[in-house]
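See below for the structure under consideration.
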Amino acid sequence: MVLSLPVLDISRLNGSAAEAAAFRDDLRHVTHDVGFFYLTGHGIPQELIDQILGLARRFFDLSEAEKLSIENVNSPQFRGYTRVGGELTAGGVDWREQIDIGVERTTEGAGSDSADPEAEYWRLEGPNLWPEALPELEPVVERWNAELSAVSLKLLRAWALSLGSPEDVFDEAFADHPFSLIKIVRYPGESDETVKQGVGTHRDGGVLTLLLVEPGKGGLQVEYDGEWVEAPPMPGAFVVNIGEMLELATGGYLKATLHRVQSPRVGSDRISIPFFFNPGLDARMPVLDLPDELRAEARGVSVDPTDNPILETYGDNVLRYRLRAHPNVAEIFYADLLAARDALAAEAEQS
Ligand SMILES: O=C(O)CCC(=O)C(=O)O
Ligand SMILES: [Fe+2]
């Protein structure tokens with residue numbers, strides 16, 4: 001049984017060749033076994049970490065009207081503010097409020113130069129909603145995205161080598177129009193005798209997640225061997241976990257681990273900022289040709305908690321998640337898709 005998540009220092013990659021190789025072996029082992037770890041030595045300046053946490057606090061302190069001025073019901077791309085109770089995971093209400101921020105793009109021409117320009121997931125490309133009352137947020141988030149993308153790519157290259165593939169095997173999927181997503185989240189204190197769901201049990205649908213949590217704020221729990229392991233924040237470290245696309249790329253050798261957040265106690269709250277590193281919407285992660293000894297340990301791919309198989313193209317995966325997590329936004333902008341899916345389901349039932 002693990003009592004706490006393992007710690008990996010990525011600056012070991014800058015050491016001798018043997019040290020770098022040892023880091024890669026540890027990385028592979030830990031993400032095969034647990035799927036979650038603390039990342040240190042990442043080089044993200046503490047001043048930037050403090051800045052983004054400070055801005056998050058200031059956003060959530062804005063008036064209700066100011067927050068709702070960027071509510072996600074105004075965004076066909078599911079960007080902007082979700083009020084407390086406005087999101088579902090595993091069929092239950094999540095007690096959290098958040099801003100969703102993607103890569104800033106226009107809707108025009110999204111996917112037009114791709115192999116599948118008609119795919120529905122291109123509807124997710126578009127602009128963010130930025131709060132007018134907090135103009136400092138946009139440049140800081142932009143920097144956050146750039147810095148964390150660079151760390152993520154370093155990790156992916158380390159995984160690639162450690163799994164017997166060329167170092168750049170994943171690069172192409174992220175090269176043109178990566179679709180990373182930043183959530184700035186606040187969990188209000190809702191737990192008294194009964195613990196409430198901050199976010200329900202789930203696996204992350206992307207490639208990998210780098211999570212920053214306010215110092216001292218517990219609540220994140222990670223599944224290991226049928227038990228829940230507490231994952232409190234570690235000062236200066238990110239909590240990193242594997243998403244379903246990386247599990248898929250490795251035939252289940254790397255593990256997309258179930259996790260959840262329990263609401264803080266009444267009278268407190270908790271801010272966290274997950275960064276989801278994701279490929280282009282039309283990208284298919286390459287399925288790696290694992291060395292025999294690793295393939296023998298691959299578990300095959302998990303099925304998500306609602307029994308949908310993990311989809312192969314990232315855009316299909318993320319669209320399915322979005323429609324399920326934000327039914328109010330889906331009803332406004334995706335009624336056509338929902339109707340088409342209902343019709344398909346009804347047909348399947350009849351035959
Ligand atoms: O807030 C956290 O600690 C984790 C959030 C999370 O798992 C998610 O948003 O996918
Ligand atoms: Fe998650």
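These numbers come from a predicted model, not from an experiment.
Salt-bridge annotation for Glu47 and Arg143: present, with a side-chain N of the basic residue lying under 4.0 Å from a carboxylate O of the acidic one. Salt-bridge formation is not detected for the pair Asp100/Arg79: no Lys NZ or Arg NE/NH1/NH2 atom is positioned less than 4.0 Å from an Asp or Glu carboxylate oxygen.
Checked against ring pair (Phe, Tyr, Trp, His ring centres under 6.0 Å), Phe36 has the following partners two or more places apart in sequence or in another chain: His259. Looking at residues two or more places apart in sequence or on another chain, you find no ring pair (Phe, Tyr, Trp, His ring centres under 6.0 Å) involving Trp159. Shown here are the salt bridge (charged side-chain N to carboxylate O under 4.0 Å, His left out) partners of Glu71, two or more places apart in sequence or in another chain: Arg83. Partners of Ala325 by side-chain contact (heavy atoms from CB on, under 4.5 Å), not counting sequence neighbours, listed by chain and number: Glu87. Not counting sequence neighbours, Trp130 has no partner by the ring pair (Phe, Tyr, Trp, His ring centres under 6.0 Å) test. Judged as a ring pair (Phe, Tyr, Trp, His ring centres under 6.0 Å), and not counting sequence neighbours, Phe60 has no contacts.
Counting only residues at least two apart or on different chains, the salt bridge (Lys or Arg N to Asp or Glu O under 4.0 Å) pairs with a member in residues 268-284 are Arg57-Asp269, Arg186-Asp269, Lys217-Asp269, Arg284-Glu312. Residue pairs satisfying the salt bridge (Lys or Arg N to Asp or Glu O under 4.0 Å) criterion with at least one member in residues 150-161, sequence neighbours excluded, are listed as follows: Arg157-Asp171.
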Pair up each side-chain donor or acceptor in residues 339-348 with any protein partner under 3.5 Å, not counting sequence neighbours, and list the distances.
none

Which donor-acceptor pairs under 3.5 Å do the side chains of residues 16-24 make with protein atoms, sequence neighbours left out?
residue : atom : partner : partner atom : Å
Ser16   : OG   : Glu19   : N            : 3.1
Glu19   : OE2  : Arg12   : NE           : 2.7

Donor-acceptor pairs are to be reported for all side-chain atoms of residues 327-334 against protein atoms at under 3.5 Å, with residues two or more places apart or in another chain.
residue : atom : partner : partner atom : Å
Tyr334  : OH   : Pro76   : O            : 2.7
Tyr334  : OH   : Arg123  : O            : 3.4

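Cluster partners of Phe276, by chain and number: Leu181. The rule joins Ile, Leu, Val, Met, Phe, Trp and Tyr whenever side-chain heavy atoms lie under 4.5 Å apart.
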